[in-house]
Amino acid sequence: MRGRSIAGQANGRPWPEPQPAAGVSSSAEAAAAIDRAPTRLDDRPTMEPENFRALEQGLLTAAAAALGRNDPAGLRTSDAQSAEVGDLAIGFHGLAKTLRADPQALATRVAEAVQGDARFTDALAQNGYVNVRIARPLLWRAIAGELAREGASFGRDPALQPAKWLVEYSGPNTNKPLHIGHLRNTILGFAMSNVVRAHGHDVTRYNIVNDRGIHICKSMVALDRFAAGSSPETTGEKGDHLVGRLYSLFAKKATEEFAQWAAGPGAAEIEQYLATNRASIETGADLQLRKRFLQEQEQAGRKLEWKPAKMKPQQYPEKMAADAALERDYGAWLQAHADDVAAARRAEGLKRAQAAVARRFEAEVSQLHAQTRDWLRRWEANDPEIRALWRRMNDWVLAGIEKTYQRLGVSFDHVDYESDVYLAGKELVLELLQKGHARKLADGAIVFEQPGKAAGEAPQEKVLLRGDGTSVYITQDLGSLMRRYTRHRFAEVVYVVGSEQELHFELLFALIDRLVPGLGARCHHLSYGMVELPHGKMKSREGEIIEADGFLDTVEAAAAAQVRARSAELPAEEVRRRGERIGLAAVKYHLLKFSKRSTVKFDVDEALDMNGRTGPYCLYALARLRSILRKADAAGFATQLDLAADASRLAPAEAGLLLTVAKLPAAIAAGVRDLDPYHVADYVYGLAKQLNSWYTASGEDGKPLHPVINCADPATRGLRLSLLRLVEAALERALTLLGIGTLDEM
RNA sequence: GCGCCCGUAGCUCAAUUGGCUAGAGCGUCGGGCUUCGAACCCGAAGGUUGCAGGUUCGAGCCCUGCCGGGCGUACCA
């Protein structure tokens, strides 16, 4: 599993020509797909559309033909305005512009032509759109046929040119367990890789383990000095938790060491700092107090009014008077809070002094930090003793993290270790230098001039290689990216990394583009928002994190408690199993239901909530559906998909379900287009909701509108059972793409 | 300071990439279990899409300027 040596790997130049870009999605590709699709239904009326997409293309071609055009360029389908007016719509605003025509006139002409087409049963022209209803038998055969043919690969784009994709996600550190931030990354990345694969591409999943650097040395030193002999075997802890605890222990001991020093030999140094910086400290503290005062006032509805840009001159006197009053109150407030003022100044002074002195302390006084630095040097020098300890502790952590991946149900095809790749890239930087893309500073550092973003802004000098020849972050990423390219010749690569690293990836992609022209545009940063903790509600101190395993335990236990409450007779083991599934579904769906840019405010209560737009809701809809199928089976009814079912009996809600089933490929395509699995999460909920609504719908008399097992008419019952098979397949498929496992019973 | 992202219902978020009447969940109020699973369904109230201009047949989406928030701006990773 450990990555192979990369020695000599970077010698394969010159790099081969890049492959033609296999686009995420482009108009050219769409046009090519239209050309390829067998859509000339009007020429060959007996030909059946092989899938929903072909049906849409058939409609577009018919519309184009009605307007005297031989291809549907410039037209595309969208959702009908409502289910009452049709299944699909076409808007004519764009075409009207190029034709210098009235959109409504075009829509009317198309509506008239479509009326006479047996494939369509209704056409309504309104507001420059035509809303069309598709003949039910045709709709049924196209969609049911597509699912029957595609099976487990339902959702792919048959017109797609498959390409090689790499998706990198998770990126754990070996000094601590996974936390809630890793959880979003890992769930998002795994779902993304599934969605790209489902679209039809060849995907390789990558993980990158940050297993080297000063952080892991701290855990090692803590073990050495304060916990000698500890191991997962002796303490019974999960390896990642043990090492994480040692890392915290190091921080605690280092703080103690500093406090001791500050109270003794360092006291004079701190006092001196306080004396020299007194004025600045008092200003800083006072500013904070003023901010506090203004916040208090604002809550009471008062604030500084002086904003000349927004004021009319005649308002000036009034606003100035208001502000003056506020200032007077501030003076009084300060006097009333004299103790606070003194305390704030003391606290601010101490904070600054410690920050200022701590750096010197760490570098010159601290024994702990000295040992850590020494061990890092020995690690880099391949000291066998240090390497052995490092390897042992990394293995503890990785074994622990692997367990977390297993319970999450995520996996990788390749794992890179930074300890293997961190030296790669030096030669690439030298190559950039040779080719004139980078230059050398007086101290030997090699820098790249990243052009300024704003007009007139000076270019930023980015260091690619330090003066002493050592690598920085970008060096190793450049090396591993090139290594992956030479190995896989990928068409596209996706890095799932938080948005705070956008600049880094811009630089990385600009650099790789200099080495392999055109490659930069095929590298993507799936940049997602932060996971915020609700500070108010949870009293989470700064730096405190929610650790993944414990969090998952909490959610799964809460889900299990609900299962137990609902079905008391269930064996404990089954309660636990369902709790796991439901809890995981809740967490995963919560992390995927927002678009990627959105910051997720991780309210544990909200993630725990099983009602509303949640994972458990989706699981429930599917479990309910499966319950019907089970009972139908037991009653002796055929429940397999019947392509020849009489679709003319489809109720409106059922045609709607059928249409939604058919839109899974579009949701997947949108997910790939935006590099955001959120579209699939949105799809699942929409389908589940539609199913629940259909299920409970009743007529004026209060009787169920859509009985299945109790349906008196065998043909309708068969059709409904078939439809449920389709919905089941679509729900199962979409949830699986999100990495959410389903249940037969809840 | 500069750059990127964001600002939509009380709260949390969508909006088919510039198109039909801006939609969901939570919360609030009201209704629905003697028939296939109520972790459900139906209905109601709730919007000057931060503000001001501009482009367009058409703007939540594009442009400009403000206001407010987040992130970044390392020879850290």
Side-chain angles (χ1 to χ4, degrees), chain A residues 76-82 85 89 91-94 96-97 102-103 126-129 131 171 173 210 212-215 307 309-310 418 441 443-447 452-454 457-458 460-468 470-474 476-477 498-504 506 527 529-530 532 559 562-563 566 582 593-595 597-601 603 606 609-614 616-617 619-621 623-632 635 663 666-667 670 673-674 678-679 682 685-686 689 692-698 702-704 706-711 720 745-746:
Chain A
R76 61 177 184 178
T77 57
S78 60
D79 291 349
Q81 197 211 358
S82 69
V85 294
F92 294 95
H93 301 87
K97 193 165 192 172
D102 173 25
Q126 60 173 21
N127 305 326
Y129 284 83
N131 289 277
N173 299 330
N210 179 6
R212 141 204 121 76
I214 199 83
H215 61 267
K307 281 175 187 160
K310 294 200 137 190
E418 287 196 355
L441 298 183
D443 70 350
I446 297 176
V447 298
K453 288 257 196 103
E457 190 192 322
Q460 282 248 318
E461 272 191 353
K462 295 296 205 177
V463 171
L464 306 182
L465 205 57
R466 293 195 187 98
D468 63 6
T470 56
S471 297
V472 292
Y473 186 33
I474 194 79
Q476 85 181 27
D477 262 10
S499 61
E500 68 274 7
Q501 296 202 34
E502 277 172 5
L503 219 56
H504 170 74
E506 261 176 52
S527 162
M530 313 188 42
E532 268 178 11
Q562 287 206 37
V563 173
R566 286 166 208 273
I582 296 168
K593 70 195 270 195
F594 308 110
S595 54
R597 224 177 295 283
S598 174
T599 59
V600 173
K601 286 175 193 68
D603 187 328
E606 206 184 304
D609 195 351
M610 316 262 161
N611 299 311
R613 191 188 191 92
T614 64
Y617 175 94
L619 290 191
Y620 176 71
R624 208 149 79 149
L625 179 159
R626 284 176 170 160
S627 169
I628 300 176
L629 289 172
R630 270 196 310 275
K631 290 197 166 134
K663 284 172 189 164
R673 178 197 63 204
D674 289 346
Y678 141 80
H679 285 104
D682 193 46
Y685 176 74
K689 187 175 168 56
N692 273 333
S693 179
W694 165 84
Y695 178 86
T696 45
S698 53
K703 288 191 174 167
H706 313 114
V708 183
I709 295 167
N710 301 331
C711 183
R720 287 185 177 148
E745 296 173 86
M746 277 180 75

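Just so it is clear: chains get the letters A, B, ... in the order the sequence lines come, proteins before strands, and each one is counted from 1.
A close approach under 4.0 Å does not occur between any side-chain nitrogen or oxygen of N131(A) and OP1 or OP2 of rC20(B). Within the structure, a side-chain polar atom (N or O) of Y617(A) is placed less than 4.0 Å from OP1 or OP2 of rC41(B). Proximity of Y473(A) to the phosphate of rA77(B): no side-chain N or O atom is located under 4.0 Å from OP1 or OP2. Taking 4.0 angstrom as the limit, S698(A) places none of its side-chain polar atoms (N or O) nearer than this to OP1 or OP2 of rC41(B). OP1 and OP2 of rU16(B) both lie 4.0 Å or more from every side-chain N or O belonging to K663(A).
Nucleic acid contact class of V85(A) (heavy atoms, under 4.0 Å, all strands): none. V708(A) comes within 4.0 angstrom of a base, heavy atoms only. Here P103(A) lies out of heavy-atom contact (under 4.0 Å) with every strand. Here E418(A) lies in heavy-atom contact (under 4.0 Å) with sugar-phosphate atoms only. Q81(A) comes within contact range of at least one nucleobase, with a heavy-atom separation under 4.0 Å. Nucleic acid contact for S82(A): none, since no nucleic acid atom lies under 4.0 Å from a heavy atom of the residue. At the heavy-atom level, F594(A) lies under 4.0 Å from the strands shown only through sugar-phosphate atoms. Within the nucleic acid shown, A670(A) has no heavy atom closer than 4.0 Å to any nucleic acid atom. Backbone-only engagement by K689(A) is indicated by non-hydrogen atom pairs under 4.0 Å involving sugar-phosphate atoms exclusively. Here I582(A) lies in heavy-atom contact (under 4.0 Å) with a base. Residue N210(A) is in sugar-phosphate contact alone, with no base atom involved, counting any heavy-atom pair closer than 4.0 Å across all strands shown. Across all strands, A666(A) comes closer than 4.0 Å to no nucleic acid atom at all (heavy-atom distances). Residue contacts for S627(A): at a heavy-atom cut-off of 4.0 Å it reaches a base atom on one of the strands shown. Here G213(A) lies out of heavy-atom contact (under 4.0 Å) with every strand.
Taking atom C1' on both nucleotides, rG58(B) is separated from rU12(B) by 31 Å, rounded to a whole Å. A gap of 16 Å separates the P atoms of rG37(B) and rC41(B), to the nearest Å. For the C1' atom pair drawn from rG50(B) and rG68(B), the interatomic distance equals 8 Å after rounding to whole Å. Spacing of P atoms, rG60(B) relative to rA38(B), comes out at 41 Å, to the nearest Å. Only the C1' atoms considered, rA9(B) is 12 Å distant from rC26(B), to the nearest whole Å. When the C1' atom is used for both rU17(B) and rA22(B), the distance is 16 Å, rounded to whole Å. Comparing the same atom, P, in rG7(B) and in rA44(B) gives a spacing of 28 Å after rounding to whole Å. Atom C1' of rG27(B) sits at a distance of 39 Å from the matching atom of rU64(B), rounded to the whole Å.
Regarding the sugar-base torsion, rU35(B) falls in the anti class, its angle being beyond 90° of 0.
Rounded to an integer number of Å, the gap from R613(A) CZ to rG27(B) P is 15 Å. Put simply, NZ on K703(A) is 13 Å from C1' on rU34(B), counting in whole angstrom units. Atoms CD (Q460(A)) and C1' (rC4(B)) sit 13 Å apart, rounded to a whole Å. Separating the CZ atom of R630(A) from the P atom of rG37(B) is a distance of 9 Å, rounded to the nearest angstrom. To the nearest angstrom, P of rU73(B) lies 7 Å from NZ of K462(A). Remark: C1' of rC6(B) and CZ of R597(A) are 9 Å apart, rounded to the nearest angstrom. R673(A) places its CZ atom 8 Å from the P atom of rU16(B), with the value rounded to the nearest Å. At whole-Å resolution of the value, CG in L619(A) and P in rA39(B) are 14 Å apart.
Nucleotide rU28(B): paired with rA44(B) (Watson-Crick or G-U wobble, both distances less than 3.5 Å). In a base pair of the Watson-Crick type (N1 to N3 plus N6-O4 or O6-N4) or a G-U wobble (N1-O2 and O6-N3), with each distance short of 3.5 Å, rC2(B) is matched with rG72(B). The base-pairing partner of rA39(B), taking Watson-Crick or G-U wobble contacts with both distances under 3.5 Å, does not exist among the strands shown. The partner of rC13(B) is rG23(B), by the rule that a Watson-Crick or G-U pair needs both atom distances under 3.5 Å.
Under 3.5 Å, the side chain of D443(A) and the base of rC75(B) form at least one donor-acceptor pair of N or O atoms. At a cut-off of 3.5 angstrom, counting only N and O atoms as typed in the model, there is no donor on one side facing an acceptor on the other between the side-chain of R76(A) and the base of rU16(B). Contact of Q126(A) with rC20(B) (side chain to base): a donor-acceptor pair of N or O atoms is detected under 3.5 Å.
Put simply, the side chain of K631(A) never gets that close to the backbone of I709(A): no donor and acceptor are under 3.5 Å apart. Side-chain atoms of R720(A) come within 3.5 Å of backbone atoms of P707(A) as a donor-acceptor pair (strictly under, hydrogens ignored).
With rC36(B), rA38(B), rA39(B) as the candidates, the nucleotide lying closest to the side chain of R624(A) is rA38(B). Looking at the side chain of S693(A), the nearest of the listed nucleotides rA24(B), rC42(B), rC36(B) is rC42(B). Which of rA24(B), rC71(B), rA77(B) sits closest to the side chain of M530(A) comes down to rC71(B). The side chain of K631(A) has rC36(B) as its nearest neighbour among rA39(B), rC36(B), rU12(B).
Mapped onto RNA chain B by nearest heavy atom, H706(A) and E461(A) fall at different nucleotides, with H706(A) at the one closer to the 5' end. Comparing D468(A) and N692(A) by the nucleotide of RNA chain B whose heavy atom lies nearest to each, the residue mapping closer to the 5' end is N692(A).
The minimum heavy-atom distance linking V447(A) with L441(A) is given by the pair CG1-CD1, 3.7 Å. Taking each heavy atom of N131(A) and Q126(A) in turn, the nearest pair found is ND2-NE2, 3.5 Å. Taking each heavy atom of M610(A) and A559(A) in turn, the nearest pair found is CE-CB, 3.7 Å.
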Polar-atom pairs under 3.5 Å, protein N or O versus N or O of nucleotides 55-61 of chain B: list them with distances, or write none.
none

